[in-house]
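Here the structure comes first, spelled out in structure tokens, and everything after it is commentary.
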Protein chains: 2
Amino acid sequence: MKKYKIPEATINRLTVYSRCLEQEEIKGIETISSAEIARKIGVTPAQVRKDLAYFGEFGTRGVGYNVKDLKKHIMKILGLNSKWNVAIIGAGNLGSALFHYKGFQERGFYVAAIFDNNPEKIGKKMGDKVILDFRQDINNIIKELRISLAIVAVPADSAQEVVDKLVNAGIKGIVNFAPRSLSVPSDVILRRVDLAAQLEILTFNLQSKSQIYGK
Amino acid sequence: MKKYKIPEATINRLTVYSRCLEQEEIKGIETISSAEIARKIGVTPAQVRKDLAYFGEFGTRGVGYNVKDLKKHIMKILGLNSKWNVAIIGAGNLGSALFHYKGFQERGFYVAAIFDNNPEKIGKKMGDKVILDFRQDINNIIKELRISLAIVAVPADSAQEVVDKLVNAGIKGIVNFAPRSLSVPSDVILRRVDLAAQLEILTFNLQSKSQIYGK
DNA sequence: TAGATTGTTAATCGATTAACAATC
DNA sequence: TAGATTGTTAATCGATTAACAATC
């Protein structure tokens with residue numbers, strides 16, 4: 001059996017395809033072609049078909065894809081056929097924002113616990129949850145609540161320490177919002193999201209329009 | 001003059017390099033090699049040198065790069081040598097989180113205004129700002145406060161309408177947090193950030209470890 | 001000079017796309 | 001059958017990397 005390495009960009013697009021199919025499903029559309037999907041999200045039809053072909057044959061030649069079925073297939077590919085429990089570390093501005101953000105729930109992620117290590121915050125309520133003591137409770141709670149993913153929303157300086165403790169507690173997938181490169185063992189998956197960087201890429205592009213780099 | 005197209009990935013890495021250099025600067029390190037930068041952030045030294053070479057010659061052969069100077073150069077390349085005024089559209093959970101997030105300020109982005117179109121929110125205070133009426137005030141405020149960037153944190157259904165009005169008001173750079181593909185004229189730059197998708201990529205990777213796609 | 005590290009070229013690697021046979 | 005659209009191959013395109021001359 002030949003094993004393919006699937007491009008990171010393909011996975012990114014799968015999440016976009018699934019969002020697009022969700023909309024079509026709501027509209028009551030039953031069948032969609034690669035060309036229509038492509039147009040809606042701004043890629044080529046070949047790209048759509050190639051991306052899907054990594055995982056199977058989901059369409060009908062001459063007809064297209066069944067919206068409901070394809071959505072289900074993609075959700076399964078992304079691992080969204082089951083629920084995932086998530087912990088948020090850091091009850092500051094960003095942490096509390098992510099805690100209240102409804103977009104996670106919609107996609108099958110349940111924020112099961114929120115942690116901080118500030119004594120003034122520990123014990124206070126956030127929504128329907130009590131803010132837990134990161135240092136004291138993290139190991140037990142992760143086991144008890146079967147939490148497998150963590151979102152790190154702590155200051156950059158403490159991010160590595162937090163991630164080390166999460167790894168130690170058995171977490172295998174981490175999204176890091178602290179603007180710092182962190183290291184984890186090879187069996188743990190770490191993603192970094194830098195919110196300010198999103199704006200920086202905009203300003204680069206706006207700037208470089210009036211400027212030509214070259215030689 | 002030959003014009004290079006600079007890879008998107010290069011710009012992404014520039015933001016990471018600048019963060020890394022910031023840290024080194026704080027530590028008091030004066031000189032750094034491409035190999036050290038590469039190791040710290042997990043890329044190859046050739047990658048670092050190639051990325052920088054798109055924009056100029058910033059190092060000294062046999063020596064390395066001056067940390068302070070290189071950081072300044074990269075900040076300039078990213079357009080961060082001047083301040084940028086930003087508007088946040090949507091005063092819900094995510095919008096208010098982004099409003100309070102300190103990471104923008106640190107990189108030279110000033111959140112100058114926050115808008116909503118819910119009458120119950122308009123007029124209320126958020127931090128030191130009053131929530132403004134998106135439909136009524138957007139054009140004037142964007143001109144008055146010289147706002148050039150916008151962050152869209154509204155529900156998916158109203159995102160396209162909001163973006164249209166922003167484009168109409170003269171905004172040229174938009175970061176969209178609503179999970180929907182939107183369309184803008186070609187002179188406007190739109191970036192999409194899907195927070196749930198970050199978790200989905202994790203779950204895909206965790207899943208696919210125990211699963212082999214291929215044929 | 002010897003050692004080190006950049007800047008740059010050419011080779012490699014991988015992702016995208018055009019094209020078309022398969023087939024509904 | 002004719003028309004349409006998939007799944008897949010091969011060609012193209014672009015990004016990464018190895019290697020090395022330049023030079024501090």
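Below, read A as the first sequence line, B as the second, and so on, with proteins coming before strands; counting in each chain starts at 1.
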Over how many whole Å does the gap from [X] atom [atom1] to [N] atom [atom2] extend?
X	N	atom1	atom2	value
N66(B)	dC24(D)	CG	P	16 Å
Y65(B)	dA4(C)	OH	P	18 Å
F58(B)	dT8(C)	CZ	P	11 Å
H73(B)	dT6(C)	NE2	P	15 Å
L52(A)	dT5(D)	CG	P	16 Å
R49(A)	dT17(C)	CZ	P	12 Å

Name the atoms and distances for all side-chain donor-acceptor pairs under 3.5 Å in residues 90-100 of chain B, with sequence neighbours left out.
from	atom 1	to	atom 2	distance (Å)
N93(B)	ND2	H100(A)	O	3.2
S96(B)	OG	G92(B)	O	3.3
S96(B)	OG	N93(B)	O	3.2
H100(B)	ND1	S96(B)	O	2.9

Report task. Choose from dT17(D), dT5(C), dT17(C) the nucleotide whose nearest atom is closest to any side-chain atom of T44(B). Result ->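 Minimum distance to the T44(B) side chain belongs to dT17(D).
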Query - M75(A) and S18(A): CA distance, side-chain angles, deciding distance, side-chain contact (heavy atoms from CB on, under 4.5 Å) verdict - result: CA-CA 7 Å; M75(A) 296 300 265; S18(A) 72; 4.2 Å; yes
**Report entry** Pairing string, 5' to 3', for DNA chain C - Watson-Crick or wobble contacts under 3.5 Å, brackets [ ] where pairs cross, | to another strand
**Finding:** ..||||||||||||||||||||||
Report task. Evaluate side-chain contact (heavy atoms from CB on, under 4.5 Å) for F115(A) paired with I141(A), printing each intermediate quantity in order. Result -> CA-CA 10 Å; F115(A) 293 88; I141(A) 296 290; 3.7 Å; yes
**Report entry** Ion pair check, R39(B) and E36(B), cut-off under 4.0 Å
**Finding:**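 No, R39(B) and E36(B) are not salt-bridged.
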Report task. Check whether any side-chain N or O of N205(A) sits under 3.5 Å from a backbone N or O of I201(A) as a donor-acceptor pair, and report yes or no. Result ->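 The answer is yes, because a donor-acceptor pair under 3.5 Å joins these two groups.
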Query raised in the report: So, N85(A) side chain and L145(A) main chain: donor-acceptor pair closer than 3.5 Å or not?
Result: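 Yes, because the side chain of N85(A) sits within donor-acceptor range (under 3.5 Å) of the backbone of L145(A).
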Report task. Check ring pair (Phe, Tyr, Trp, His ring centres under 6.0 Å) between F58(B) and all other residues, then give those that pass, not counting sequence neighbours. Result ->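 In terms of ring pair (Phe, Tyr, Trp, His ring centres under 6.0 Å), with neighbours along the sequence ignored, F58(B) is linked to H73(B).
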Can you tabulate the close N/O pairs, meaning under 3.5 Å, that link protein atoms to atoms of nucleotides 10-15 of chain C?
from	atom 1	to	atom 2	distance (Å)
dA15(C)	OP1	K5(A)	NZ	3.3

Report task. Under the side-chain hydrogen bond (donor to acceptor under 3.5 Å, both in side chains) rule, what do R107(B) and T15(B) come out as? Steps first, then yes or no, please. Result -> CA-CA 10 Å; R107(B) 302 285 281 184; T15(B) 70; over 6 Å; no
Query - Neighbour count above 12 (heavy atom, 6.0 Å) for K165(A) NZ - result: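 It does: K165(A) NZ has more than 12 such atoms within range.
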Report task. Assess the side chains of Q23(B) and R180(A): does a donor N or O sit below 3.5 Å from an acceptor N or O? Result ->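 A pair is found: one side chain offers a donor N or O, the other an acceptor, under 3.5 Å apart.
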Query raised in the report: Is it true that the side chains of S158(A) and E161(A) contain a donor and an acceptor less than 3.5 Å apart?
Result: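 Looking only at side-chain atoms, E161(A) and S158(A) do not form any donor-acceptor pair under 3.5 Å.
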Report task. Would you mind telling me which residue lines up with the more 5' stretch of DNA chain D, T60(A) or D51(B), judged by nearest nucleotide? Result ->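 Comparing both residues, the 5'-ward one is T60(A).
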Report task. Under 4.0 Å from any atom of DNA chain D, heavy atoms only: list the residues of residues 21-31 of chain B that qualify, in numerical order. Result ->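 Under 4.0 Å from DNA chain D: no residue of residues 21-31 of chain B.
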Query - Interatomic spacing from CG in L78(A) to OG in S208(B) - rounded to 0.5 Å - result: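 Rounded to the nearest 0.5 Å, the CG-OG separation comes out at 10.5 Å.
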Report task. Mind checking the CG-CD1 spacing from L21(A) to I37(A)? Nearest 0.5 Å is all I need. Result ->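 Those atoms lie 5.0 Å apart.
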Polar pairs (N or O, both sides) under 3.5 Å between protein and nucleotides 21-23 of chain C?
from	atom 1	to	atom 2	distance (Å)
dA22(C)	O4'	R61(A)	NH1	3.4
dA22(C)	N3	R61(A)	NH1	3.0

